[in-house]
Trainee: 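Have a look at the structure that comes next, please.
In the text below, chain A, chain B and the rest are named by the order of the sequence lines, each starting its count at 1.
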Number of protein chains: 2
Amino acid sequence: MTIVDVAAAAGVSRQTVSNALNKPHLLAAETLEKVHAAINDLGFAPNVAAQQLRRRRASAYGFEVNPSGAGRMGHILDGFLVEMTAAAPDHAAHLVTFAPELDRLIEGYDRLLGTGLVDGFVLGDTRHGDPRPDWLLEQGVPFVTFGRIWDRPDLDGWVDVDGRAGVRLGVEHLLSQGYERVAWLGWPDGSPVGDDRRAGWLDGLTASGHDADASMAVESVQDLSQATAAAERLLRGLKGRGAIVCASDLLALGAIRAIRNHDLRLGTDIGVVGFDDTDVAEALSLTSLRQPLRPAAEAAWRILASGHQSRPHGIPGAAATDDEGDGHAERTALLPPTLTIRASSTPEPSGTPTGRTTRRSSTS
Amino acid sequence: MTIVDVAAAAGVSRQTVSNALNKPHLLAAETLEKVHAAINDLGFAPNVAAQQLRRRRASAYGFEVNPSGAGRMGHILDGFLVEMTAAAPDHAAHLVTFAPELDRLIEGYDRLLGTGLVDGFVLGDTRHGDPRPDWLLEQGVPFVTFGRIWDRPDLDGWVDVDGRAGVRLGVEHLLSQGYERVAWLGWPDGSPVGDDRRAGWLDGLTASGHDADASMAVESVQDLSQATAAAERLLRGLKGRGAIVCASDLLALGAIRAIRNHDLRLGTDIGVVGFDDTDVAEALSLTSLRQPLRPAAEAAWRILASGHQSRPHGIPGAAATDDEGDGHAERTALLPPTLTIRASSTPEPSGTPTGRTTRRSSTS
DNA sequence: CTGAAAGCGCTTACAG
DNA sequence: CTGAAAGCGCTTACAG
């Protein structure tokens with residue numbers, strides 16, 4: 001079925017059908033109506049390949065998926081892919097997955113681009129030394145990243161979750177629940193995401209008039225036994241009703257194991273807050289920070305729709321501004337996580353045992 | 001850049017370039033060589049939209065992703081999507097993700113199909129009462145399912161993991177490690193996947209000359225506290241060196257908690273085997289059955305390549321045969337999981353503390 | 001506001 | 001084995 005069938009059914013020419021689809025304002029209301037009726041009757045949908053060929057754009061974006069997709073970022077990216085996919089129809093676009101060889105990353109991007117199957121890319125897992133942003137910029141290819149472009153603070157075109165604000169929210173929640181001291185279990189220095197989250201811990205303490213001495217922060221790589229050992233060091237200093245905020249749910253799992261090893265009660269004696277609100281958090285009744293993937297996906301589509309990278313701006317090293325204030329589309333979005341509160345941060349048995357409570361972080 | 005540019009560079013006509021791409025056997029070796037050289041020099045890739053339009057096929061398949069993607073199947077499907085994506089180039093195809101509204105599922109499939117963006121679909125999460133296979137069959141649309149088509153044993157076109165063989169492998173492993181009794185912690189009766197896995201437990205026991213009395217099997221829904229309680233019931237009957245095989249890693253996590261609650265040592269006193277080899281399994285040193293996603297993806301692509309559903313065959317109710325033995329492409333694949341062995345099933349501290357051991361299930 | 005023409009980049013018969 | 005022609009289903013200027 002083609003546009004010609006619709007034209008016949010509606011009693012107009014094929015060009016009029018095309019206009020009804022692409023430039024409806026050019027048509028008489030009555031004509032438009034007739035065409036739409038015919039389209040609905042026939043269940044017509046334009047052939048996308050023909051549109052792509054003629055328009056010389058695909059309205060599609062490549063989304064890299066990674067076979068070694070284990071580890072922390074993997075799961076979050078899967079969720080982000082789902083939300084990007086769900087929001088795609090609102091932007092008359094779609095996503096094509098691809099899996100470049102990791103030792104020929106740019107070649108994989110180049111190849112997909114060469115087929116004309118996509119106009120640009122969605123990048124996840126941005127990292128130090130990431131070769132993709134510079135290459136794409138050079139090629140003039142539109143893209144959006146999920147995660148700040150850490151090496152290039154002068155670039156826009158990213159969406160990210162404000163881990164710092166999130167962790168601060170976790171600290172404030174714990175203090176409000178009556179835990180007297182709040183410690184930090186994070187990753188070793190040097191990971192941009194981890195350092196950002198750790199800063200949120202300090203923010204939360206100082207904003208509440210607490211002081212943080214160095215003994216209240218320990219670090220561990222993303223490994224359960226190390227995390228457990230690190231948390232045990234923390235417990236010795238955490239007299240009275242203390243709590244631990246963690247950079248990830250896995251680290252939080254280590255904290256929980258340490259608490260059990262010391263015959264303490266999770267929540268009642270020691271509070272714990274994790275990050276990412278994974279299945280594990282739900283299974284363990286662990287309070288955890290949840291990344292707002294749907295808003296992030298919507299922001300990412302807006303950035304893609306706003307087209308190419310705008311001129312690099314700002315002083316390198318300075319924080320990218322969230323709002324240019326000039327009426328143009330915002331090309332960065334820093335979104336606050338929400339806190340999913342469960343028994344691990346409730347000193348007394350929670351009043352709402354089954355209901356899940358969510359509290360929105362304010363980004364004042 | 002188009003085929004015309006390549007033709008100019010190679011000093012042939014554009015049709016010859018097209019032939020070099022599509023019917024290389026028609027060309028003189030020398031000519032072919034020249035064209036390939038030009039293609040490489042220019043980094044040419046054919047425009048896919050033009051190919052799709054002319055060939056009247058997309059060589060693309062829709063992959064449904066689900067916003068409520070939490071839960072057990074979600075993660076496995078994410079991994080399957082990745083492997084399908086990685087294998088796609090070998091079949092000159094690609095995947096388009098889409099997220100139909102769940103209360104208008106078929107409409108979502110129909111709509112995507114109508115755009116010509118895809119030729120068919122990859123279905124995950126097959127279930128009782130699934131409306132998709134019948135509809136697709138009716139439409140004559142090619143598809144492959146990840147998971148048997150439980151309601152229609154007469155249909156082929158599926159790949160699945162042999163949970164029954166996998167669990168049997170787990171049982172045999174535990175017995176060989178010296179655990180004297182092996183119990184089952186599974187899901188309530190009635191889920192096809194769960195019932196299949198439970199049958200594997202029985203297989204493993206009877207094949208080794210053990211008998212299974214009903215008290216050695218308990219069930220729990222996919223919830224940690226219920227699983228823990230169920231495992232505790234099991235522990236009372238598991239005198240001596242016993243073990244528990246579980247239908248999922250989450251149930252296994254419940255078993256581990258029960259073991260700790262009873263002051264027993266995981267592995268040393270009580271062995272545990274989970275299913276799916278999730279992050280949690282790795283974090284907890286839990287031996288677990290891993291689904292062979294890469295072979296599954298390859299089999300799925302072969303099925304897609306073999307085209308449409310072959311005539312329904314076999315007697316409904318009889319098990320689908322794995323091999324027609326007639327030289328035709330196999331349109332079903334039942335793949336054995338592998339066992340990732342960790343400390344939870346090793347009575348003595350493992351000899352290879354860091355190395356991960358994998359044992360392949362035989363499907364005799 | 002509506003209709004006839006050209007063309008997006010390919011592939012596939014069809015003559016030579 | 002190679003070259004000229006038609007056409008996949010659209011959109012976009014361009015006359016009327």
Trainee: Does Arg127(A) form a salt bridge (Lys or Arg N to Asp or Glu O under 4.0 Å) with Asp125(A)? I'd like the steps, not just the answer.
Mentor: CA-CA 6 Å; Arg127(A) 53 201 176 253; Asp125(A) 193 20; 3.6 Å; yes

Trainee: Measuring to OP1 and OP2 of dA4(C), would you say a side-chain N or O of Ser13(A) lies under 4.0 angstrom away?
Mentor: no

Trainee: Tell me the interatomic distance from Arg57(B), atom CZ, to dT12(C), atom C1', rounded to whole angstroms.
Mentor: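 Taking CZ of Arg57(B) and C1' of dT12(C), I get 15 Å after rounding.
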
Trainee: Nearest whole angstrom, please: distance from the P of dC10(D) to the CD of Gln52(A).
Mentor: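 Spelled out: CD on Gln52(A) to P on dC10(D) is 12 Å.
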
Trainee: Quick one: side chain to side chain donor-acceptor pair (under 3.5 Å) partners of Glu33(A), sequence neighbours excluded?
Mentor: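 Side chain to side chain donor-acceptor pair (under 3.5 Å) list for Glu33(A), sorted by chain: empty.
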
Trainee: Note every stem involving DNA chain C: at least three consecutive Watson-Crick or G-U wobble pairs, i with j then i+1 with j-1, with both distances under 3.5 Å.
Mentor: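 As far as DNA chain C goes, consecutive pairing (with distances under 3.5 Å) yields the stems C:1-3 with D:14-16, C:5-12 with D:5-12, C:14-16 with D:1-3.
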
Trainee: Would you tell me if any nitrogen or oxygen in the side chain of Ser18(A) comes within less than 4.0 Å of OP1 or OP2 on dT11(D)?
Mentor: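 So the side chain of Ser18(A) is within the cut-off, an N or O lying under 4.0 Å from OP1 or OP2 of dT11(D).
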
Trainee: Indicate every side-chain donor-acceptor pair of residues 19-31 of chain A with a distance under 3.5 Å to a residue at least two apart or in another chain.
Mentor:
unit_1   : atom_1 : unit_2   : atom_2 : d
Asn22(A) : OD1    : Arg55(A) : NH2    : 2.9
Asn22(A) : ND2    : Ser18(A) : O      : 3.0
Asn22(A) : ND2    : Ser18(A) : OG     : 3.3

Trainee: Pick the closest DNA chain C nucleotide for Asn22(B) and for Thr16(A) by heavy atoms, then say which residue is nearer the 5' end.
Mentor: Thr16(A)

Trainee: Under the side chain to side chain donor-acceptor pair (under 3.5 Å) rule, collect the residues that match up with Tyr61(A), sequence neighbours excluded.
Mentor: none

Trainee: Quick one about Tyr109(A) and Glu64(A) (side-chain donor to acceptor, distance below 3.5 Å, no hydrogens or angles considered), yes or no?
Mentor: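 Short answer, yes.
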
Trainee: Can you tabulate the close N/O pairs, meaning under 3.5 Å, that link protein atoms to atoms of nucleotides 6-9 of chain D?
Mentor:
unit_1 : atom_1 : unit_2   : atom_2 : d
dG7(D) : N2     : Arg54(B) : NH1    : 3.3
dC8(D) : O3'    : Arg56(B) : NH1    : 2.8
dC8(D) : O2     : Arg54(B) : N      : 3.4
dG9(D) : OP1    : Arg56(B) : NH1    : 2.8
dG9(D) : OP1    : Arg56(B) : NH2    : 2.8
dG9(D) : N2     : Ala50(A) : O      : 3.4

Trainee: Write out a two-atom table: protein N or O, nucleotide N or O from nucleotides 14-16 of chain C, distance below 3.5 Å.
Mentor:
none

